[in-house]
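Model, not experiment: these values are computed from the prediction. The sequence lines fix the lettering, A, B, ..., with proteins before strands; numbering per chain opens at 1.
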Number of protein chains: 2
Amino acid sequence: MNPLDLDRQLCFALYSASRAMTASYKDLLAELGITYPQYLVMLVLWENDAEPEGVTVKRLGERLQLDSGTLSPLLSRLEKLGFITRHRSTEDSRSVFVRPTAEGAAAKERAECVPARIGARTQLDPDALPGLLETLRTLTGNLRGDHAPTP
Amino acid sequence: MNPLDLDRQLCFALYSASRAMTASYKDLLAELGITYPQYLVMLVLWENDAEPEGVTVKRLGERLQLDSGTLSPLLSRLEKLGFITRHRSTEDSRSVFVRPTAEGAAAKERAECVPARIGARTQLDPDALPGLLETLRTLTGNLRGDHAPTP
DNA sequence: CACAATTGAATTGTGTGCAACCATTGCCAT
DNA sequence: ATGGCAATGGTTGCACACAATTCAATTGTG
């Protein structure tokens, strides 16, 4: 069998599923006025709303596996939208803390129904979800692991 | 439980896995001199190398779920790289046929080892692969299915 | 046949991703 | 202290994605 058959490529199945997922979020997030990657940033901020200072850009990058080249302009847009503020750390002025504004914090309530609505659209068996999550996480870890030239 | 927990979001697991996969292809495709989306286009062209005319842009878009806004500039780059040629259909001059050049066709041989090398990096049980593919395809279909406002 | 509606690509504009580079800041061994 | 070095975030440049628009070519309808 042809090893290059598109429909047999895991990469394409992932690529398609990921784009379909992002597209499905679009109308729900439009109600909040943000994009999907911006939503991911807000998830991290909402998770850490106990931190009075907020979360550093470095920590956001680690959590989402995004570098400053992606995050910097994205955070600028979130700032302009009034969802977050940025301020340099007084401890170490290399670091920049990101914190939700009152409006950004309030958006959390409106976002709480989003996962369930997406979950319904997937029509997946809820019992199958944890296994799929675990498989994808393992896969991601394995792919990130071998940075070696070519096993 | 917090419904907004990042690590419990299928969307983020997919997003991470897809980006890790694309990143993993990078060094392998660098040997061919193309990017990952360009590789996907070449897969479709290689699949249809029996067609003497090639494949239309429309068909490429259907196969990859990409619109002309993405494909047009991507095809321009593949053309400049010498991998493909484009020519308008004589039957219906709205359509544009895309065909691999000799160089583009020859690259197929060099690409044949790529899926196996990626497969090794995933460290997935080969028996688990078909099930995962099926799950992802079903998921993609379900997400594309409901274009309705908000089930 | 005229002509409105549709189709297929290309173009434009916005927002990611990511590599490469840069400026500033902190750290540390001399 | 101080010169070298790592850490942090910003900037630049390129390549997607995708919505919206444009334009030419075709099709459907009376």
Side-chain angles (χ1 to χ4, degrees), chain A residues 11-12 15-27 29-30 33-41 54-62 64-81 83-84 86-98 144 147, chain B residues 11-12 15-27 29-30 33-41 54-62 64-81 83-84 86-98 144 147:
Chain A
C11 66
F12 182 61
Y15 170 80
S16 298
S18 180
R19 286 195 300 123
M21 182 65 86
T22 301
S24 192
Y25 269 88
K26 194 148 238 237
D27 63 313
L29 296 182
I34 59 179
T35 66
Y36 176 69
Q38 290 166 7
Y39 168 73
L40 292 181
V41 166
V55 176
T56 63
V57 173
K58 173 182 168 62
R59 201 137 123 64
L60 276 174
E62 289 168 351
L64 301 174
Q65 294 290 320
L66 291 171
D67 70 0
S68 66
T70 300
L71 284 175
S72 281
L74 191 157
L75 293 173
S76 294
R77 284 173 213 116
L78 276 179
E79 200 170 29
K80 192 175 299 184
L81 285 171
F83 273 66
I84 65 165
R86 279 188 289 188
H87 57 93
R88 291 212 165 257
S89 166
T90 53
E91 303 269 323
D92 182 343
S93 54
R94 289 172 303 182
S95 296
V96 169
F97 278 103
V98 181
R144 285 204 206 287
H147 263 203
Chain B
C11 66
F12 182 61
Y15 170 81
S16 297
S18 180
R19 286 195 301 124
M21 182 66 87
T22 301
S24 192
Y25 268 88
K26 196 152 238 236
D27 63 312
L29 295 182
I34 58 179
T35 66
Y36 176 70
Q38 289 166 7
Y39 168 73
L40 292 181
V41 167
V55 176
T56 63
V57 173
K58 173 182 170 58
R59 202 137 124 62
L60 276 174
E62 288 167 351
L64 301 174
Q65 294 291 319
L66 291 171
D67 68 2
S68 65
T70 299
L71 284 175
S72 281
L74 190 157
L75 293 172
S76 295
R77 288 184 280 270
L78 275 178
E79 200 169 29
K80 192 175 299 183
L81 285 172
F83 273 65
I84 65 165
R86 280 188 288 187
H87 58 92
R88 293 213 164 257
S89 166
T90 52
E91 302 270 321
D92 182 343
S93 53
R94 289 172 303 181
S95 296
V96 169
F97 278 102
V98 180
R144 284 203 207 289
H147 263 206

Would you indicate whether the side-chain heavy atoms of B:L64 and A:F12 approach each other to under 4.5 Å?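 In contact.
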Side chain proximity check, B:V41 to B:I84, heavy atoms < 4.5 angstrom: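 No. Closest side-chain heavy atoms not under 4.5 Å.
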Would you mind reading off the distance between [X] atom [atom1] and [N] atom [atom2], rounded to a whole angstrom?
X      : N      : atom1 : atom2 : value
A:Q38  : C:dG15 : CD    : P     : 8 Å
A:K58  : C:dG26 : NZ    : C1'   : 14 Å
B:R144 : D:dA17 : CZ    : C1'   : 12 Å
A:K26  : C:dG15 : NZ    : C1'   : 9 Å
A:L74  : C:dG17 : CG    : C1'   : 10 Å
B:L71  : C:dA10 : CG    : P     : 9 Å
B:L75  : C:dA9  : CG    : P     : 10 Å
A:Y25  : D:dA19 : OH    : P     : 18 Å

Using a heavy-atom cut-off of under 4.0 Å over every strand shown, decide if [X] touches base, sugar-phosphate, or nothing.
X     : answer
A:T22 : nothing
A:Y15 : sugar-phosphate
B:S93 : sugar-phosphate
A:S95 : sugar-phosphate
B:S72 : base

Among [options], which is the nearest nucleotide to the side chain of [X]?
X     : options                : result
A:D92 : C:dT16, D:dT27, C:dG26 : C:dG26
A:S68 : C:dC18, D:dG9, C:dA10  : D:dG9
A:T35 : D:dA15, C:dA9, C:dG15  : C:dG15
A:R19 : D:dC18, C:dG15, D:dG9  : D:dC18
A:R77 : D:dC16, C:dA9, C:dG15  : C:dG15
B:R94 : D:dG10, C:dT24, D:dA24 : D:dA24

Exercise: identify the closest heavy-atom pair between [X] and [Y]:
X     : Y      : value
A:S24 : A:D27  : O-OD1, 3.0 Å
B:Q65 : A:R19  : O-NH1, 3.0 Å
B:S16 : A:R144 : O-NH2, 3.9 Å

Who does D:dG30 pair with, Watson-Crick or G-U, both distances under 3.5 Å?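 By the stated definition (distances under 3.5 Å), C:dC1 pairs with D:dG30.
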Reading DNA chain D from 5' onward, which residue's closest nucleotide shows up sooner: B:E91 or B:G69?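 This one resolves to B:G69.
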I want to confirm an ordering. Mapping B:D67 and A:R59 to their closest nucleotides on DNA chain D, which one lands closer to the 5' end?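 The answer here is A:R59.
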When you check the side-chain N and O atoms of A:R86 and A:S76, is any donor under 3.5 Å from an acceptor?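 Side-chain D/A pair, A:R86 to A:S76: present.
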